[in-house]
Colleague: 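Have a look at this one.
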Amino acid sequence: MKLLAAMLLVVGTTVGTVTPAQAVVAPPDIPVANVQAHLTELQRIATANGGNRAHGRPGYRASLDYVKAKLDAAGYQTRIHQFTASGATGYNLIAEWPHGDANNVIMSGGHLDSVSRGPGINDNGSGSAGLLEVALTVSRQNVRPTKRLRFGWWGAEELGLIGSTAYVNSLTTAQRGVIKAYVNFDMIGSPNPAYFVYSASGQPSGSQAIEDLLEQGFSAKGVPTELTSVGGRSDHAAFARAGIPVGGTFSGAEGRKTASQAQKWGGSANVAFDRCYHQACDTTSNINATSLDRHSDVIAHAVYTLAGA
């Protein structure tokens with residue numbers, strides 16, 4: 001593991017390069033109670049809408065409306081990007097903090113939809129809630145970053161990454177060109193958690209700079225990491241295909257924790273990282289608060305540092 005450098009790295013104006021920059025605002029500690037409060041609301045929404053927040057179901061649109069209302073009140077410029085999948089209208093939520101260089105965009109995101117059989121609180125209410133609280137923290141601190149911050153909450157990921165792909169495909173070549181990095185957060189509160197960082201060599205357009213930055217974020221908290229090759233399993237894939245540098249973190253899904261991982265991270269060996277993956281039991285009871293806290297702090301570390309906050 002690399003130690004956190006005194007001089008933080010940010011993505012430069014050339015795609016895929018990094019230049020040293022002095023952070024004006026240190027990446028904050030994100031209160032996990034705030035992230036949990038968002039998860040409680042997503043659980044309430046699912047419970048009130050047939051037990052899920054899936055594409056084409058009322059629970060998904062209610063989830064999007066909740067996130068959008070929070071961001072609108074915080075001063076973000078939001079828009080809903082529509083697409084069609086499986087005969088239903090789908091929705092992505094895009095939120096931009098209206099400060100910093102609009103020609104140098106740092107984007108982070110995660111999918112907001114669940115599978116139809118459950119509320120999807122870890123997959124991916126957790127990443128969605130962590131991103132939301134980081135975005136709200138930017139507003140509360142009135143951060144004026146060097147680069148432009150853009151956040152995305154994607155629809156229909158569970159049907160095959162449809163929402164994020166539709167968004168990237170809707171962009172012109174010039175609009176894609178201003179996005180200098182995309183960092184993905186899909187499942188960050190697994191009950192038997194891992195601390196995985198997307199491997200730069202494990203996907204097209206994988207960024208070594210982003211990999212290093214995320215590892216540094218965990219290392220600064222004394223948390224060891226492992227690299228994982230997530231391939232095309234989540235919403236970074238469309239950005240990678242477009243040549244945008246990508247990275248992300250992941251707390252594990254249906255794979256089983258090894259004995260060496262249990263020794264390193266705690267938890268139970270030979271048990272799935274998330275035994276409720278894609279199941280009805282993926283509720284607020286399926287969240288490890290320590291993992292949620294650590295991953296949320298690393299989201300903030302990545303967002304603030306990449307943007308030159």
Side-chain angles (χ1 to χ4, degrees), residues 10-18 55-56 60-61 64 67-68 71-72 75-86 88-113 124 127-128 131-132 134-135 138 145-186 198 200 203-207 209-210 230-248 299 302-303 306-308:
V10 299
V11 169
T13 55
T14 301
V15 173
T17 66
V18 292
H55 166 76
Y60 178 75
R61 184 54 196 254
L64 183 143
V67 175
K68 185 177 186 298
L71 295 164
D72 287 341
Y76 278 81
Q77 296 173 345
T78 65
R79 70 182 183 93
I80 295 173
H81 172 250
Q82 294 190 19
F83 58 92
T84 301
S86 300
T89 301
Y91 308 98
N92 297 318
L93 176 63
I94 310 300
E96 193 147 325
W97 184 238
H99 305 284
D101 183 359
N103 290 315
N104 286 280
V105 173
I106 301 301
M107 191 163 189
S108 49
H111 73 90
L112 186 57
D113 64 314
N124 180 41
S128 293
L131 283 162
L132 174 57
V134 170
V138 168
T146 303
K147 297 176 174 63
R148 184 66 59 98
L149 288 173
R150 185 182 300 169
F151 298 86
W153 286 265
W154 311 117
E157 187 270 356
E158 298 291 4
L159 300 183
L161 316 179
I162 293 173
S164 55
T165 301
Y167 172 74
V168 173
N169 289 347
S170 76
L171 301 176
T172 66
T173 300
Q175 288 170 333
R176 293 178 187 181
V178 304
I179 303 175
K180 305 306 180 182
Y182 173 79
V183 194
N184 195 63
F185 301 98
D186 185 354
Y198 292 10
Q203 60 226 330
S205 297
S207 167
I210 297 174
V230 293
R233 287 192 63 178
S234 195
D235 292 296
H236 64 287
F239 293 86
R241 287 193 299 270
I244 296 165
V246 299
I299 295 174
V303 167
L306 287 169

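Only a predicted model underlies this, so the values are computations on that prediction, with no experimental measurement involved.
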Colleague: Using side-chain heavy atoms (C-beta onward) and a distance below 4.5 Å, is Tyr182 in contact with Asp235?
Modeller: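 Sidechains of Asp235 and Tyr182: in contact.
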Colleague: Could you tell me whether the side chain of Arg148 and the main chain of His99 form a donor-acceptor pair under 3.5 Å?
Modeller: yes
Colleague: Evaluate the side-chain proximity of Tyr60 to His55: yes if any heavy-atom separation is below 4.5 Å, no if none is.
Modeller: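 His55 vs Tyr60: side chains apart.
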Colleague: Give the minimum heavy-atom separation between Ser205 and Ile244, together with the two atoms involved.
Modeller: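 Taking every non-hydrogen atom into account, CB-O, 3.4 Å.
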Colleague: Considering only heavy atoms from C-beta outward, does the side chain of Ile162 approach that of Tyr167 to under 4.5 Å?
Modeller: no
Colleague: Is the shortest side-chain heavy-atom distance between Tyr91 and Leu112 below 4.5 Å?
Modeller: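 A side-chain contact is absent here, since even the closest heavy-atom pair is not under 4.5 Å.
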Colleague: List the atom of Ala237, the atom of Gly232, and the distance in Å for their closest heavy-atom pair.
Modeller: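 Minimum heavy-atom contact is CB-CA, 4.0 Å.
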Colleague: Can you find a pair of side-chain heavy atoms, one from Thr89 and one from Arg61, that are under 4.5 Å apart?
Modeller: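 Not in contact.
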Colleague: Between Ser128 (side chain) and His111 (backbone), is there a donor-acceptor pair under 3.5 Å?
Modeller: yes
Colleague: Ignoring hydrogens and geometry, is there a side-chain-to-backbone donor-acceptor pair from Asn92 to Gly155 under 3.5 Å?
Modeller: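 Checked: pair present.
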Colleague: Identify the two heavy atoms, one from Pro98 and one from Gly75, that lie closest to each other, and give their separation to 0.1 Å.
Modeller: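 It is CD-O, 3.7 Å.
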Colleague: So which heavy atom on Leu159 is nearest to which on Ser86, and how close?
Modeller: CD1-OG, 3.7 Å
Colleague: If the test is side-chain contact (heavy atoms from CB on, under 4.5 Å), which one of Thr78, Ile106, Leu71, Val303 qualifies with Phe151?
Modeller: Val303
Colleague: Looking at every non-hydrogen atom in both residues, tell me the closest pair between Ser164 and Ala238 and how far apart they are.
Modeller: O-CB, 4.1 Å
Colleague: Counting N and O atoms only, with roles assigned by atom type, does the side chain of Tyr198 sit under 3.5 Å from a partner on the main chain of Gln203, one being a donor and the other an acceptor?
Modeller: no
Colleague: In Å and rounded to the nearest 0.5 Å, what is the CD1 to CG distance from Ile210 to Leu306?
Modeller: 6.0 Å
Colleague: Roughly how far apart are Trp97 CH2 and Leu149 CG, rounded to 0.5 Å?
Modeller: 9.5 Å
Colleague: Can a donor-acceptor pair be found, under 3.5 Å and without considering hydrogens, that links the side chain of Arg150 to the backbone of Ile94?
Modeller: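 A pair under 3.5 Å: no.
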Colleague: To the nearest 0.5 Å, what is the distance between CG on Leu132 and CH2 on Trp153?
Modeller: 5.5 Å
Colleague: Would you say that Asp186 contacts Arg233 through its side chain, given a criterion of any heavy-atom pair below 4.5 Å between the two side chains?
Modeller: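 Side-chain contact under 4.5 Å: no.
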Colleague: Please find the pair of heavy atoms, one from Leu131 and one from Ser108, that lie closest to each other, and give the distance.
Modeller: CD2-OG, 3.7 Å
Colleague: Would a 4.5 Å heavy-atom cut-off, applied to side chains only, mark Phe83 and Thr165 as touching?
Modeller: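 Sidechains of Thr165 and Phe83: no contact.
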Colleague: Does any part of the side chain of Glu157, heavy atoms only, come nearer than 4.5 Å to the side chain of Ser234, both counted from C-beta?
Modeller: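 They are in contact (side-chain heavy atoms under 4.5 Å apart), so the answer is yes.
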Colleague: Do the side chain of Asn184 and the main chain of Val246 share a donor and acceptor less than 3.5 angstrom apart?
Modeller: no
Colleague: Are the side chain of His236 and the backbone of Gly231 linked by a donor-acceptor contact shorter than 3.5 Å?
Modeller: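 Yes: the side chain of His236 pairs with the backbone of Gly231.
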